[in-house]
Q: 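Right, I'll just put the structure down here and ask away after.
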Amino acid sequence: MAVEQTFFMIKPNGVSRGLVGEIVGRVERRGLKILGLKMMDVSEELAEAHYEEHRDKPFFGELVSFITSGPVVAMAVEGESAVSVIRTMMGATNPVDAAPGTIRGDFATLMGENVVHGSDAVESGRRELELYFTPEELGSALVG
Ligand code: IDP
Ligand code: MG
């Protein structure tokens, strides 16, 4: 058990569908701390860097075009076991398999439009936080 920091993002369809308040509210009510939050456009370069691990997958092109299709809401989140707490709140990658009560299980049915992204480990979280936020934006909040 340890306090962790993670990167959490509401994808373009979550923003366009008006789910920002609902999703941010869930994070707050769970007791996690939001260290940084901004609505922003994702450039093709940023999208490709973010999803580097999926570069060779057949869905990479769709992934990049979806994530760059409209503004996202990017968050730096901190709390006890924040990486796995956020992942559990998100639900399974394929929303068809996501349990009711999870964000994907409540608001999505399509794999490619699964509403949210969350880092899968502390290390990837650190990398993603540094991709999406400048040091000035997070100030001294970022540990490690
Ligand atoms: P995650 O978002 O639950 O961590 P990853 O395996 O890291 O899932 O995949 C990143 C994103 O790529 C997923 O959220 C999903 O939108 C998309 N994706 C993953 N697998 C597929 C697939 O087989 N077809 C289409 N899109 C996919
Ligand atoms: Mg992932």
Side-chain angles (χ1 to χ4, degrees), residues 1-134 137-138 141-144:
M1 306 290 270
V3 173
E4 295 172 350
Q5 297 179 339
T6 190
F7 175 68
F8 182 52
M9 187 174 81
I10 305 174
K11 295 183 179 185
N13 66 322
V15 175
S16 65
R17 288 170 58 197
L19 296 172
V20 173
E22 167 70 36
I23 294 170
V24 173
R26 287 181 180 216
V27 174
E28 291 183 317
R29 295 198 299 274
R30 185 66 191 265
L32 295 166
K33 184 175 174 186
I34 297 173
L35 301 175
L37 181 153
K38 62 176 170 180
M39 187 157 86
M40 61 183 283
D41 292 314
V42 178
S43 68
E44 206 146 302
E45 297 92 306
L46 176 56
E48 289 178 2
H50 175 175
Y51 284 119
E52 172 67 37
E53 63 175 310
H54 297 302
R55 189 174 288 277
D56 299 328
K57 308 268 174 63
F59 57 85
F60 183 70
E62 275 176 63
L63 192 52
V64 169
S65 72
F66 174 62
I67 216 72
T68 58
S69 67
V72 303
V73 169
M75 276 168 266
V77 174
E78 181 179 86
E80 177 58 44
S81 304
V83 169
S84 59
V85 168
I86 285 282
R87 294 283 299 186
T88 302
M89 290 175 72
M90 287 165 53
T93 302
N94 186 344
V96 168
D97 301 323
T102 66
I103 295 165
R104 288 165 170 169
D106 288 347
F107 303 118
T109 58
L110 304 175
M111 179 91 107
E113 298 174 26
N114 57 5
V115 181
V116 281
H117 165 83
S119 310
D120 60 10
V122 170
E123 298 70 35
S124 52
R126 175 81 190 189
R127 188 185 80 89
E128 292 166 8
L129 285 170
E130 287 175 348
L131 275 175
Y132 279 86
F133 289 96
T134 65
E137 285 171 329
L138 293 179
L142 212 60
V143 297

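Read the numbers this way: they start at 1 and go in the same order the structure lists the ligands and their atoms.
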Q: Under 3.5 Å between some N or O of ligand 1 and some N or O of Lys11?
A: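 Yes; at least one N/O pair falls below 3.5 Å.
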Q: Is a donor on one side and an acceptor on the other found under 3.5 Å between the side chain of Arg55 and the backbone of Phe60?
A: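 Checking the backbone N and O of Phe60 against the side chain of Arg55, no donor-acceptor pair under 3.5 Å is found.
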Q: Report, in ascending order of atom number, the atoms of ligand 1 lying under 4.0 Å from any heavy atom of Leu63.
A: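 Answer, ordered by atom number: 11 (C), 12 (O), 17 (C).
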Q: Going by distance only, is there an N or O of Glu53 that falls short of 3.5 Å from an N or O of ligand 1?
A: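 There is no such contact.
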Q: Considering non-hydrogen atoms of the protein only, which is the closest contact for atom 18 (N) of ligand 1, and what is the distance?
A: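 For atom 18 (N) of ligand 1, the nearest protein heavy atom is Phe59 CE1, 3.5 Å.
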Q: Of all the non-hydrogen atoms in the protein, which one sits nearest to atom 7 (O) of ligand 1, and at what distance?
A: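 That would be His54 NE2, 3.0 Å.
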Q: Look at Arg126 together with Glu130 and state whether they make a salt bridge at an N to O cut-off of under 4.0 Å.
A: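 Counted as a salt bridge, because a side-chain N and a carboxylate O are separated by less than 4.0 Å.
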Q: Among residues two or more places apart or on two chains, list those pairs meeting side chain to side chain donor-acceptor pair (under 3.5 Å) that have a residue in residues 21-31.
A: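 For residues 21-31: Glu22-Arg26, Arg26-Asp106.
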Q: Based purely on interatomic distance, does Val116 place a nitrogen or oxygen under 3.5 Å from a nitrogen or oxygen of ligand 1?
A: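 Min N/O separation from ligand 1 is not below 3.5 Å for Val116.
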Q: Out of His50, Arg87, Met111, whose heavy atom sits nearest atom 4 (O) of ligand 1?
A: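 The residue whose heavy atom sits nearest atom 4 (O) of ligand 1 is Arg87.
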Q: For Lys33, what residues pass the salt bridge (charged side-chain N to carboxylate O under 4.0 Å, His left out) criterion, not counting sequence neighbours?
A: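 Per chain and number, Lys33 pairs via salt bridge (charged side-chain N to carboxylate O under 4.0 Å, His left out) with no residue.
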Q: Is the shortest side-chain heavy-atom distance between Pro12 and Ile67 below 4.5 Å?
A: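 Counting from C-beta outward, Pro12 and Ile67 do come under 4.5 Å.
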Q: What about Thr93: any of its N or O atoms under 3.5 Å from an N or O on ligand 1?
A: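 Yes, at least one N or O pair falls under 3.5 Å.
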Q: Identify, by atom number and element, the atoms of ligand 1 in contact range of Arg104, meaning under 4.0 Å from any of its heavy atoms.
A: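 Answer, ordered by atom number: 1 (P), 2 (O), 3 (O), 14 (O).
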Q: Roughly how far, to the nearest 0.5 Å, is CD1 of Ile103 from CD1 of Ile10?
A: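 Result: 8.0 Å between the selected atoms.
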Q: Taking the cut-offs as 6.0 angstrom to the six-membered ring centre and 45 degrees off its axis, would you call Lys38 and Phe133 a cation-pi pair?
A: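 Geometry flag: set, cation within 6.0 Å and 45°.
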Q: Mark up the atoms of ligand 1 that fall under 4.0 Å of a heavy atom belonging to Asn114, in ascending order.
A: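 Here the atoms of ligand 1 in question are 13 (C), 14 (O), 15 (C), 16 (O).
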